[in-house]
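A short worksheet on the structure shown next.
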Amino acid sequence: MIEMIREIVGYTLTALGTFFYFLAGLGLIRMPDVYTKLQASTKATTLGSFSIALGIGILNPDFLGKSIILIAFVALTNPVASSVMIRAAYKNNAPACKETCVDEIAELKNNAVEKAVTGGEGNE
């Protein structure tokens, strides 16, 4: 009975991870610019990796410890890699879709330049 429950949970998590990978691919096709494509694909592949690794760990208990280490590694590296890629795209002036164009970094840069020019005097 326990074996059957373990198999159901393991295969369900693996199928859920596959679905998240499918959503990541769909996000790459459907999203309009590099920023939204990276956001959609990173979040979906992170959840997909978690689900598949945990599903395999439940199906094969000898692999559960390695699965947890893999999940921790993915949790630490995927967000960092995503932000580095988005920062590189921003610095190389990758065009953003007009529907998603809220450039808070440019506003901060403009305020910093304005303060440097006026000597720190501003509307504080």
Suppose we screen for side-chain hydrogen bond (donor to acceptor under 3.5 Å, both in side chains). Which residues come up paired with Thr46, at least two apart in sequence or across chains? Asn78

Return yes if some donor-acceptor pair links the side-chain N/O of Tyr90 with the main-chain N/O of Met85 below 3.5 Å, else return no. no

Taking side chain to side chain contact (heavy atoms under 4.5 Å, CB included) as the test, write out the residues that go with Ala40, two or more places apart. Met31

Between Ile71 and Phe50, which heavy-atom pair has the shortest distance, and what is it? O-CE2, 3.4 Å

Any donor-acceptor pair under 3.5 Å from Ser51 side chain to Gly48 backbone: no

Restricting to side-chain hydrogen bond (donor to acceptor under 3.5 Å, both in side chains), what partner residues turn up for Tyr21, sequence neighbours left out? Ser49

Excluding sequence neighbours, so at least two apart, what forms side chain to side chain contact (heavy atoms under 4.5 Å, CB included) with Ile5? Met1, Val9

If you compare all heavy atoms of Thr45 against all heavy atoms of Ala24, which two are closest, and at what distance to 0.1 Å? CG2-CB, 3.6 Å

Test item: Thr42 side-chain N/O and Gln39 main-chain N/O as donor-acceptor pair under 3.5 Å: no

Nearest non-hydrogen partners of Pro32 and Thr36, listed with the distance: CD-OG1, 3.5 Å

Validation: residues 52-66 side-chain donor-acceptor distances under 3.5 Å, sequence neighbours left out:
| residue | atom | partner | partner atom | Å |
| --- | --- | --- | --- | --- |
| Asn60 | OD1 | Asp62 | N | 3.4 |

Tell me every residue that passes salt bridge (Lys or Arg N to Asp or Glu O under 4.0 Å) with Arg30, counting only those two or more places apart in sequence or in another chain. none

Pairs under 3.5 angstrom only: tabulate donor-acceptor contacts from the side chains of residues 12-19 to other protein residues two or more places apart or in another chain.
| residue | atom | partner | partner atom | Å |
| --- | --- | --- | --- | --- |
| Thr12 | OG1 | Ile8 | O | 2.5 |
| Thr14 | OG1 | Gly10 | O | 2.8 |
| Thr18 | OG1 | Thr14 | O | 2.9 |

Atom NZ of Lys37 with >12 non-hydrogen neighbours under 6.0 angstrom: yes

Sequence neighbours excluded - salt bridge (charged side-chain N to carboxylate O under 4.0 Å, His left out) pairs with any residue from residues 1-11: Glu3-Arg6

Which pairs, with at least one residue in residues 78-89 and sequence neighbours excluded, count as a salt bridge (charged side-chain N to carboxylate O under 4.0 Å, His left out)? none

